[in-house]
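Numbering of ligands and ligand atoms starts at 1, following listing order.
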Amino acid sequence: MADLAPPVSNRDAKRPMGAWRKPTVVALVMALVLTGCASDAPQSALDPAGPYARTLDGLFNPVMWVATAVFVLVQGVIVYSVFKWRRRAGDDDDAMPAQLHGNTKLEIGWTILPALVLALVAIFTIPVIFELHAKPADALEVSVTGAKYWWGYTYGTQPEFGITQADGIVTANELHIPAEQTVLLRLTSPDVIHSFWAPRLNGKADVVPGREHTWLLEADKPGVYSGQCGEFCGTSHANMRLKVVAHDQAGWDDWVERMQRVPLEPVTGSAARGFQLFAQKGCSGCHQVDGAYETVAPNSPAAPNLTHLFSRDCFAGCIYDLNDRNEMEAWLRNPQRKAGSLMVVGALSEQEIDDLYAYLETLE
Ligand code: HEC
Ligand SMILES: [Cu+2]
């Protein structure tokens, strides 16, 4: 690196012209490489997949052009000045340039102009702020909990969306919604500040303890839209991902129907032993299973409701594949494989892990 920035003295009049070429080339190459990142990124806010994300994109574009114009103008003046008034060979090294102080016209100009630019940006921005904080009456409502380091979703009884069960639907990490339907999220946190972010469906919304923020989502088409926590919240912040699964009408009806069926308690074999172990090993102290383990220990950390665990594809903040049995067994063997995980269990024998797995598998 040393040769990139050789020690340069102000007085070094004979500095060769080529000295600045290398850093310039490096910077240009880096700019090219960085702008080349991830053309098919699944989480790109620049590839909106619903009306709210499109609204934001529609704000981003004009603001970016305004910012680009300001950037080009300011940098242009700087670059122009640097070249025009640079020190030339033969200049008198000890002479001071003319010292100027104050220019009222310029100062008024560069105060008013940015204020006007910001006012222009505000004209675009303010209506969007209101649009994104509306609470449409015909929306599907979901309460979202951002907890260390996973997402919980509770759907209250809403017969117009097929949810008729008195205690609604509770699930984790995968947020299921109908496509082409406004969804109103009510965001809260039991611990620290998180941020709910599914970039193709809307921007980030802070999830703050002791407050309820609302946020809107809507997907144009059925599909899976990935997202993640957007606010540093602790060791496994980067492992606090999520998926939004948007269904067509038939898919939504199936999902709702499945989520309202209470799983049967296993009575024989490995799964029945797993069912017993679920209480004996303390799992039920933290995890709820509807119809079987309804109440958790008062001081337990917030933990995913496991009633329909196997209706999902991913677990533990959507970082592990639920269709891969090895991932789940590794999790039960050592939940600390996810750094900072708040799941604490004693050592389990391989037999116990098999039995617990057999029980968990019945939770579909
Ligand atoms: C001290 C509380 C606690 C205990 C006890 C506990 N867990 Fe957990 N469990 C958690 C928390 C918290 C998470 C979420 C971890 C994360 O994603 O960061 C979790 C996640 C899980 C998940 C993934 C769920 C999902 O949808 O992401 C499964 C499965 C699970 N635990 C099973 C068990 C089993 C089986 C036991 C008993 C052997 C157990 N847990 C004991 C707190 C606990
Ligand atoms: Cu978080």
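- Looking at ligand 1, you won't find any N or O of Lys281 less than 3.5 Å from one of its N or O atoms.
- For Asn173, a nitrogen or oxygen atom sits less than 3.5 Å from a nitrogen or oxygen atom of ligand 1, counting backbone and side chain alike.
- At a cut-off of 3.5 Å, with distance as the only test, a side-chain donor of Thr182 or Glu218 sits close to an acceptor on the other residue.
- Taking the Cu ion (ligand 2) as reference, His194 places its N/O/S atom ND1 nearest.
- The shortest N/O to N/O separation between Arg312 and ligand 1 falls below 3.5 Å.
- Lys338 NZ, 2.9 Å is the protein heavy atom nearest to atom 18 (O) of ligand 1.
- Heavy-atom contacts of Ala303 reach the following atoms of ligand 1: 10 (C), 11 (C), 42 (C) (cutoff under 4.0 Å).
- Side-chain atoms of Tyr149 come within 3.5 Å of backbone atoms of Thr235 as a donor-acceptor pair (strictly under, hydrogens ignored).
- The protein non-hydrogen atom at the shortest distance from atom 13 (C) of ligand 1 is Pro304 CD, 3.4 Å.
- Interface of Leu309 with ligand 1, defined as ligand atoms under 4.0 Å from a residue heavy atom, comprises 24 (C), 26 (O), 29 (C).
- Heavy atoms of Leu277 found under 4.0 angstrom from ligand 1: none, in either backbone or side chain.
- Protein heavy atom in closest approach to atom 2 (C) of ligand 1: Cys286 SG, 1.9 Å.
- The two residues Tyr359 and Ala271 have their closest heavy-atom pair at CB-O, 3.5 Å.
- At the shortest separation from atom 29 (C) of ligand 1 among protein heavy atoms lies Met328 CE, 3.4 Å.
- No salt bridge links Arg312 with Glu174; every basic N to acidic carboxylate O contact stays at or beyond 4.0 Å.
- Any N or O atom pair closer than 3.5 Å counts here, and Ala316 shares at least one such pair with ligand 1.
- Taking atom 34 (C) of ligand 1 as the reference point, the nearest protein heavy-atom neighbour is Cys283 SG, 3.4 Å.
- Among Ile319, Leu306, Leu356, the residue whose heavy atom lies nearest to atom 24 (C) of ligand 1 is Leu306.
- In this model, a donor atom of one side chain and an acceptor atom of the other lie less than 3.5 Å apart for Gln43 and Gln228.
- Listed by number with element, the atoms of ligand 1 under 4.0 Å from a non-hydrogen atom of Val344 are 1 (C), 4 (C), 5 (C).
- For Asp57 (side chain) and Ala53 (main-chain N/O), no donor-acceptor pair under 3.5 Å exists by modelled atom type.
- Nearest protein heavy-atom neighbour of atom 39 (C) of ligand 1: Met343 CE, 3.3 Å.
- With respect to atom 23 (C) of ligand 1, the closest heavy atom belonging to the protein is Phe315 CD1, 3.8 Å.
- Among the atoms of Tyr149, no N, O or S atom is found under 2.8 Å from the Cu ion (ligand 2).
- Within ligand 1, the atoms closer than 4.0 Å to a non-hydrogen atom of Tyr149 are 16 (C), 17 (O), 18 (O), numbered from 1 in the order shown.
- Ligand 1 places these atoms under 4.0 Å from at least one heavy atom of Gly317: 17 (O).
- The Cu ion (ligand 2) has no N, O or S atom of His237 under 2.8 Å away, backbone or side chain.
- Between the side chains of Thr307 and Gln288, not a single donor N or O lies within less than 3.5 Å of an accepting N or O.
- Surrounding CG of Leu106 are more than 12 heavy atoms belonging to other residues, nucleotides or ligands, all under 6.0 Å away.
- Contacts between Asn239 and ligand 1, counted as non-hydrogen atom pairs separated by less than 4.0 Å, are absent for every part of the residue.
- Proximity of Ala302 to ligand 1, defined as any heavy-atom pair under 4.0 Å, is confined to the backbone N, CA, C and O atoms.
- Side-chain N/O atoms of Asn103 and Glu107 include no donor and acceptor closer than 3.5 Å.
- Annotation: cation-pi pair Arg337/Tyr320 present, NZ/CZ under 6.0 Å from the ring centroid and within 45° of its normal.
- Side-chain N or O atoms of Trp331 include none that pairs as donor or acceptor with a backbone N or O of Phe315 at under 3.5 Å.
- A salt bridge does not link Arg54 with Asp47: none of the charged nitrogens is closer than 4.0 Å to a carboxylate oxygen.
- Classification of the His194-Trp151 ring pair by plane angle, with boundaries at 30° and 60°, yields perpendicular.
- Counting protein heavy atoms only, atom 28 (C) of ligand 1 is closest to Trp331 NE1, 3.6 Å.
- To the nearest 10 degrees, the angle centred on the Cu ion (ligand 2) between SG in Cys233 and SD in Met240 reads 110°.
- Under 4.0 Å is where a charged nitrogen must lie from a carboxylate oxygen, and between Glu350 and Arg333 at least one such pair does.
- Not a single heavy atom of Ser300 sits under 4.0 Å from any atom of ligand 1.
- Between the choices Gln280, His287, Met240, the shortest heavy-atom distance to atom 40 (N) of ligand 1 belongs to His287.
- For Gln336 (side chain) and Met343 (main-chain N/O), a donor-acceptor pair under 3.5 Å exists by modelled atom type.
- Between Ser236 and ligand 1 there is no heavy-atom distance shorter than 4.0 Å.
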Item to check | From CA spacing to verdict: salt bridge (Lys or Arg N to Asp or Glu O under 4.0 Å), Asp220, Arg200 | outcome: CA-CA 10 Å; Asp220 294 333; Arg200 295 193 63 202; over 6 Å; no
